[in-house]
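All ligand and atom numbering here is 1-based and tracks the order in the structure. Atom set for the values below is all heavy atoms of this structure, side chains included, hydrogens, waters and symmetry mates excluded.
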Amino acid sequence: MKLCRFKNKQGQIHAGLVTDDSTLLDLAPVGITQLQPLLESDNPVARLDSIVKQKLPRLALAEVQLCAPVERQEIWAAGVTYLRSKTARMEESDFSATAYDKVYAAERPELFFKALAEKVVAAGEPVGIRRDAKWNVPEPELALVLNSKGKIVGHTVGNDMSSRDIEGENLLYLPQAKIYTGSCALGPWIQLGAEESAAREWKIRLNIQRAGKPVFSGETSVGQIKRRFDELAEFLFRSQVFPQGAVLLTGTGIVPSETFTLQERDVVEIEISGIGLLRNPVMVV
Ligand code: DO4
Ligand code: MG
C-alpha cells in the first residue's frame with residue numbers, strides 16, 4: 001500500500017493512496033488530510049483497507065504534484081552499514097580510515113542528523129551539490145519511516161546527497177558534507193506494511209544521466225545492510241524522543257568510482273524494487 005502527499009490543482013496538500021502507475025485516491029473526503037495520524041495508528045494498512053472500500057475521488061497521478069512524504073519528522077541517517085561504504089570511505093581519507101573501519105564493526109552504529117522535514121526535496125525537485133565542493137555524489141538509501149513509538153510503519157526511497165571531498169578532508173566536517181540546501185530527497189511515497197524479511201529482498205538501483213545519456217549505473221540489495229532495522233531504530237530512539245516520529249536513512253551500498261562527480265543538470269534516479277522510483281535533477285547551491 002503506497003501512501004503519498006500531493007498538491008491538488010487548487011494548491012492544497014492532501015494525503016493519498018497510490019493504487020497503480022497512474023492513479024491515486026484522495027483521502028480528504030474521509031477526513032484524512034495528514035499522514036501522521038495514520039502512521040501513529042496501530043495498523044495503518046488495516047485502517048486503509050477499510051477506508052478504500054468507500055467511494056473516494058480518483059485522480060490522475062500525472063495531474064497532481066507529489067510532495068515529499070514527510071510532515072514534521074526529523075530525518076536521520078545511518079552510515080557505514082554496507083561493506084562498500086566502509087571501503088569507499090577508507091579509500092577517500094587516510095585521516096578518517098580508522099574511524100570508518102571501527103564503526104562498521106562496533107556495536108553502536110553511526111547515526112547522524114540529516115534534515116528537517118521542511119527541507120526535504122520531493123520527487124522531481126532539484127537536489128543540491130555544494131558550490132564549495134569538488135566531489136559530489138548521491139547516496140541511494142532505503143529509508144525507514146518510524147512512528148513516535150519507534151515502530152517501523154513504512155519505507156520510502158532516500159537520497160543522502162554528500163560532498164565526499166569535504167567529508168574526506170576531516171570527519172568533523174561531516175555535517176557540512178551532509179547537510180545543506182537540497183541534500184536530502186525522499187519519495188515518491190511511503191510503502192506501508194512490509195516486514196524486514198521482505199524488504200531485505202528488495203534491490204536498490206542508481207542511474208545517473210547527463211544530457212540524456214547514462215553516466216553511471218549501479219545496483220545493490222537491501223539484504224547487504226549489515227545491521228537489523230530494529231537495531232538501528234532502537235539506537236536512534238535511545239535517550240531521545242521523537243513526538244512526530246522520524247525517518248531513518250539506512251546507509252548506501254552504491255558508491256560511484258573516485259573519478260565520478262555530479263554536475264548541474266544531471267538527473268539522479270533511485271529505484272527500490274518494493275517501493276518505486278525517486279527522480280531528481282541536480283542543481284548547484
Ligand atoms: O560517515 C559517513 C557517512 C556514511 C554514509 O552516509 C553512508 O554510509 O551512507
Ligand atoms: Mg549515506
* Asked: In terms of the angle between their ring planes, are His155 and Trp202 parallel, tilted or perpendicular, with boundaries placed at 30° and 60°?
  -> perpendicular
Could you check whether [Y] and [X], counting side-chain N and O atoms only, form a donor-acceptor pair closer than 3.5 Å?
{"X": "Lys178", "Y": "Ser162", "result": "yes"}
{"X": "Ser148", "Y": "Gln244", "result": "no"}
{"X": "Ser85", "Y": "Arg89", "result": "yes"}
{"X": "Asp101", "Y": "Thr98", "result": "no"}

* What residues form a side chain to side chain contact (heavy atoms under 4.5 Å, CB included) with Lys134, not counting sequence neighbours? -> Asp165
* **Atoms of type N/O/S from protein, distance to the Mg ion (ligand 2) below 2.8 Å** =>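 Step by step: take the Mg ion (ligand 2), keep protein N, O, S below 2.8 Å, and you get 3.
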* Gln73 side, atom CD; Asn147 side, atom CG - distance, nearest 0.5 Å -> 10.0 Å
* Got a sec, which residues hit side-chain hydrogen bond (donor to acceptor under 3.5 Å, both in side chains) with Arg72, two or more places apart in sequence or on another chain? -> none
* Is NZ or CZ of Lys226 both nearer than 6.0 Å to the six-membered ring centre of Tyr82 and within 45° of the ring axis? -> no
Could you go through ligand 1 and note, for every N or O atom, any protein N or O atom closer than 3.5 angstrom, writing the atom names and distance to 0.1 Å, or 'none'?
{"unit_1": "ligand 1", "atom_1": "1 (O)", "unit_2": "Glu110", "atom_2": "OE1", "d": "2.9"}
{"unit_1": "ligand 1", "atom_1": "1 (O)", "unit_2": "Glu110", "atom_2": "OE2", "d": "2.8"}
{"unit_1": "ligand 1", "atom_1": "6 (O)", "unit_2": "Glu139", "atom_2": "OE1", "d": "2.9"}
{"unit_1": "ligand 1", "atom_1": "6 (O)", "unit_2": "Asp160", "atom_2": "OD2", "d": "3.0"}
{"unit_1": "ligand 1", "atom_1": "6 (O)", "unit_2": "Lys178", "atom_2": "NZ", "d": "2.7"}
{"unit_1": "ligand 1", "atom_1": "8 (O)", "unit_2": "Val80", "atom_2": "N", "d": "2.8"}
{"unit_1": "ligand 1", "atom_1": "8 (O)", "unit_2": "Ser85", "atom_2": "OG", "d": "2.6"}
{"unit_1": "ligand 1", "atom_1": "8 (O)", "unit_2": "Arg89", "atom_2": "NH1", "d": "3.3"}
{"unit_1": "ligand 1", "atom_1": "9 (O)", "unit_2": "Glu139", "atom_2": "OE1", "d": "3.0"}
{"unit_1": "ligand 1", "atom_1": "9 (O)", "unit_2": "Glu141", "atom_2": "OE2", "d": "3.0"}
{"unit_1": "ligand 1", "atom_1": "9 (O)", "unit_2": "Thr252", "atom_2": "N", "d": "2.9"}

